[in-house]
Amino acid sequence: MNPDTLAPEQIQKHLHTKWLGQHFYYEESLDSTNNRAKALAQEGAAHGTVVLTEEQVSGKGRMGRGWVTPKGSSIAMTCILRPKFPPQRASMLTLLMGLSVAQACQRQYQLDAWIKWPNDIVVSGKKICGILTEMNAEAEEIHDVVIGVGINGNLTDFPENLRQKATSLQKELGQTILRAPLVAAVLETFEENYEKFCIQEDLSAFMETYNQILINRNRQVRVLKSGETLEGVAHGINSQGELLVEKQDQSMVHIYAGEVSVRGLDDYV
Ligand code: BTN
């Protein structure tokens, strides 16, 4: 039997969590783990349910973009959460998951993993992971949030348009990785971070660690939001997960981690 599958029994061998991943939903192929997670949440799936697949045939990225997950080579995973905090706080979960993935990669492989605010994990200046958070909420109450994580595991090649800005764990480590232990490490790290997050319902406990591995920090960035562009130097995040950008006139702008895109002036980071 192929030891490198994302089947629940493979993950459970490595998993030491209290509630995250107590229920798994796994299929060899799905359109998108986020779509399946949203449907399962509608049907009443428990807080902490995790959806995994070997292949996505219409994986989704941010800003309406696609996300490629070829069979058996990557990690496509979505966590279903039912937080008690107000909907306005949910965007911080993307940052919390980003931090958890970076910490899990550091722990598992001693990799120098960085965060590109708000939702990319970067190794050697190239993207290794993207996160897509989707929420089902009313004004005051969250019904469910799904946090989708796509990690480039054993991908060996990328389409021409991604080659300059995407990489994989296999490329960076020079060897094939086993995906199940990494999934378990990400879930364990996120569970621990989430419990800490819920005490203050913000990122004050994580700001220092987060800002240390924020690749945008002290760099010129271009922020694109709703057709508008802003340029300045990124100084790090605040306790609400907003990116603080100092414009040329020295005014400080707080950027909310919604549907924004952040780039270096010439490069991806
Ligand atoms: C991005 O960087 O644009 C976000 C990419 C998010 C991809 C993951 S893969 C698992 C989950 N299911 C999806 O359809 N998308 C997310």
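For this chain, numbers begin at 1 and follow the sequence in order. Order of listing sets the numbers, starting from 1, for every ligand and every atom in it. Below, all heavy atoms of this structure are taken into account, side chains as well, without hydrogens, waters or symmetry copies.
- Pairs passing the side chain to side chain donor-acceptor pair (under 3.5 Å) check and including a residue from residues 128-152, sequence neighbours excluded, read N34-E134, K38-E134, K60-E134, T94-T133, N136-D144, E138-H143.
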For ligand 1, which of its N or O atoms have a protein N or O partner closer than 3.5 Å, and how long is each gap?
| residue | atom | partner | partner atom | Å |
| --- | --- | --- | --- | --- |
| ligand 1 | 2 (O) | N119 | ND2 | 3.4 |
| ligand 1 | 2 (O) | K127 | NZ | 2.5 |
| ligand 1 | 3 (O) | R62 | N | 2.7 |
| ligand 1 | 12 (N) | T33 | OG1 | 3.0 |
| ligand 1 | 12 (N) | Q56 | OE1 | 2.9 |
| ligand 1 | 14 (O) | S32 | OG | 2.8 |
| ligand 1 | 14 (O) | Q56 | OE1 | 3.4 |
| ligand 1 | 14 (O) | K60 | N | 2.7 |
| ligand 1 | 15 (N) | K60 | O | 2.7 |

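- In the hydrophobic clustering of this structure, M92 groups with L81; members are Ile, Leu, Val, Met, Phe, Trp, Tyr whose side-chain heavy atoms approach within less than 4.5 Å, directly or through other members.
- Screening R107, H14, H16 for a side chain to side chain donor-acceptor pair (under 3.5 Å) involving E188 leaves a single residue, R107.
- Of the possible polar contacts, none joining the T49 side chain to the A45 backbone as a donor-acceptor pair under 3.5 Å is found.
- Here the two rings, on F206 and Y210, have centers that are 6.0 Å apart or farther.
- A parallel orientation is assigned to the rings of W19 and H47, their planes being inclined by less than 30° (bins at 30° and 60°).
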